[in-house]
Structures are given as structure tokens and as C-alpha cells.
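A short write-up of the structure that comes next.
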Amino acid sequence: MIRRKKTILTLFLIVIILSITFISLKFGVFSAKAEDATNVSDRLDKIGENKPINILIIESIRQVEAQKAIKLLEEKRTILEAERLQKEKDRLEEEVLALENDPNAKFAYLTFDDGPSATVTPAILDILKEYNIKATFFVVGSMVDKYPHMLKRIWDEGHKIGNHSYSHDYKYLYRNSKNFMNDINRADKAL
């Protein structure tokens with residue numbers, strides 16, 4: 001249906017262009033001689049504002065100019081927004097640098113344990129992304145095996161990942177050091 005409408009519109013435009021060309025040549029709007037070539041607006045003024053061809057051409061020129069103006073305005077808005085964001089980024093970087101050099105500055109490190117999960121982890125990641133905050137996720141190997149796509153998202157979004165054992169089973173983990181190391185190594189393999 002859309003293709004048919006495009007075809008009809010194209011044929012209609014071809015007919016209009018051919019009609020305009022015929023009328024223009026018949027009434028001498030355009031000349032094939034180079035010495036007769038003049039400014040289009042001067043020629044349009046000579047044939048009169050109320051002639052259909054003149055009205056059509058003027059309207060086409062106005063539409064093209066309006067489209068150009070809209071495009072330029074959109075480009076200007078994009079440039080201004082990019083400049084604003086860059087200034088804000090520079091300001092924040094200066095603040096962070098000042099804090100890092102301040103011996104009295106306090107820092108908080110955000111960590112999450114026992115994931116990833118299919119419901120909670122995406123919500124946390126969305127919030128962190130919204131505020132451009134990075135965190136460390138201490139993940140459980142068995143959950144990594146269950147939701148590997150969540151671990152990939154954590155990594156892809158620039159967060160750190162830590163080993164929080166494979167089973168998270170305290171009775172097993174703390175029975176002896178061999179159990180503890182086996183569980184940690186198993187989690188490493190999952191990661």
C-alpha cells in the first residue's frame with residue numbers, strides 16, 4: 001500500500017515538473033540562451049505573482065528554506081547540548097580531582113553482594129546508569145551460572161566484579177580451609 005502511494009506520488013510529481021517545464025518554455029520563463037539567463041526571482045517578478053507557475057515555485061522555495069532552517073536549528077540545539085554536557089563533565093571532573101587531592105575528603109564505595117539476579121540486578125544497574133555511578137558487585141558463582149547475561153551487563157556498564165564464593169553456603173565454606181578454597185576457585189571458574 002505504501003509502495004503504491006509512493007509510486008502515485010512520484011508519477012504526480014513527474015507530471016507537475018513536466019507541466020511546469022512546458023508552461024515555462026511556452027511563456028518564456030526560462031530561456032535556452034545563455035545571454036538571456038537572469039536571476040530566477042527577477043524572472044518570476046516579470047511574469048507576475050498571481051501566475052500559477054510563480055505561486056508554485058515560490059511555495060517550493062519557501063518549503064526548502066523552511067526545511068533548511070529547521071535542520072540548522074536542530075543542528076544548533078545538538079551542538080549547544082553537547083557543549084553543555086561537556087562543560088558539566090569538565091566541572092564534575094574538576095570537583096572529583098579537588099576531592100581526591102583534599103586530605104580531609106571522604107569517599108564511599110558502593111558494593112552489592114549475593115547476585116546477580118534476574119529482577120534486582122537490572123533495577124540496580126538502571127539506577128546506577130541514570131546517575132552515572134560505578135559500583136562493585138560481589139557475585140555468587142552459582143548465580144553467575146544461572147544469569148550469565150547479568151554478569152555481562154555488569155561488566156559492560158563499567159562496574160567491578162568480585163568473587164563472593166560459589167555456593168554461599170557458610171556451613172560448607174567455613175568447615176575447613178580446603179572447602180573454602182574449592183568454593184572460591186569454583187566461583188573463579190564461573191566468572
Side-chain angles (χ1 to χ4, degrees), residues 1-102 105 107-108 110 112 116 118-137 149-160:
M1 185 63 152
I2 293 174
R3 188 177 270 172
R4 184 173 181 221
K5 286 181 180 180
K6 284 183 180 179
T7 304
I8 292 171
L9 181 62
T10 303
L11 290 172
F12 179 71
L13 289 173
I14 290 171
V15 169
I16 288 177
I17 291 170
L18 289 174
S19 299
I20 291 171
T21 305
F22 174 75
I23 293 169
S24 300
L25 290 173
K26 182 170 172 117
F27 292 103
V29 175
F30 301 109
S31 174
K33 297 178 187 174
E35 64 269 8
D36 290 342
T38 61
N39 185 318
V40 172
S41 358
D42 292 342
R43 183 61 80 165
L44 291 175
D45 289 341
K46 288 179 183 174
I47 64 171
E49 290 182 15
N50 294 329
K51 299 244 177 164
I53 186 75
N54 199 3
I55 293 169
L56 198 73
I57 292 171
I58 289 171
E59 184 57 34
S60 295
I61 291 170
R62 284 185 185 142
Q63 287 177 358
V64 169
E65 288 172 349
Q67 289 172 352
K68 284 182 184 178
I70 289 169
K71 186 176 179 182
L72 286 173
L73 187 60
E74 288 172 358
E75 289 173 0
K76 182 68 173 175
R77 284 185 185 143
T78 302
I79 291 168
L80 290 174
E81 181 63 13
E83 289 172 353
R84 186 191 67 75
L85 289 173
Q86 185 61 47
K87 285 179 185 176
E88 180 65 11
K89 180 182 176 192
D90 293 344
R91 184 188 67 76
L92 290 172
E93 286 174 353
E94 286 176 17
E95 281 184 31
V96 168
L97 188 59
L99 283 172
E100 287 174 347
N101 292 327
D102 181 356
F107 291 94
L110 193 55
F112 297 94
T119 54
V120 177
T121 304
I124 291 170
L125 288 169
D126 290 344
I127 293 168
L128 294 174
K129 189 176 198 175
E130 180 180 348
Y131 292 98
N132 195 27
I133 296 171
K134 301 301 177 200
T136 302
F137 288 78
H149 62 284
M150 281 291 100
L151 186 72
K152 182 169 178 4
R153 181 176 171 196
I154 291 168
W155 179 258
D156 288 346
E157 292 184 12
H159 303 284
K160 301 297 179 197

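Residue numbers run from 1 in the order of the sequence given.
In terms of the side chain to side chain donor-acceptor pair (under 3.5 Å) criterion, Asn101 has no residue partners (sequence neighbours excluded). Residues passing the side chain to side chain contact (heavy atoms under 4.5 Å, CB included) test with Val120 are Ser117, Ile124, sequence neighbours excluded. Judged as a side chain to side chain contact (heavy atoms under 4.5 Å, CB included), and not counting sequence neighbours, the contacts of Glu83 are Ile79, Leu80. Considering only residues two or more places apart in sequence or on other chains, Asp126 meets the salt bridge (charged side-chain N to carboxylate O under 4.0 Å, His left out) condition with Arg153. In this view, Asp102 and Asn104, Ala105 satisfy the side chain to side chain contact (heavy atoms under 4.5 Å, CB included) rule, not counting sequence neighbours. Looking at residues two or more places apart in sequence or on another chain, you find a salt bridge (charged side-chain N to carboxylate O under 4.0 Å, His left out) between Glu88 and Arg91. Qualifying side chain to side chain contact (heavy atoms under 4.5 Å, CB included) partners for Gln86, counting only residues two or more places apart in sequence or in other chains: Lys89, Asp90. Under the salt bridge (charged side-chain N to carboxylate O under 4.0 Å, His left out) criterion, Lys160 pairs with no residue at all, not counting sequence neighbours.
Sorted by first and then second residue, the side chain to side chain donor-acceptor pair (under 3.5 Å) pairs involving residues 64-79 (not counting sequence neighbours) form an empty list.
Within a 6.0 Å radius of NZ in Lys129, other residues, nucleotides and ligands contribute 12 heavy atoms or fewer. Within a 6.0 Å radius of OH in Tyr131, no more than 12 heavy atoms belonging to other residues, nucleotides or ligands are found.
Leu125 CG to Ile133 CD1: the interatomic distance, rounded to the nearest 0.5 Å, is 12.0 Å.
Side-chain contact between Arg84 and Glu81: present, with at least one pair of heavy atoms (C-beta onward) separated by less than 4.5 Å. Between Phe112 and Thr121, every side-chain heavy-atom pair lies at or beyond the 4.5 Å cut-off.
Nearest heavy atoms, Leu128 versus Ala135: CD1-CB, 4.0 Å.
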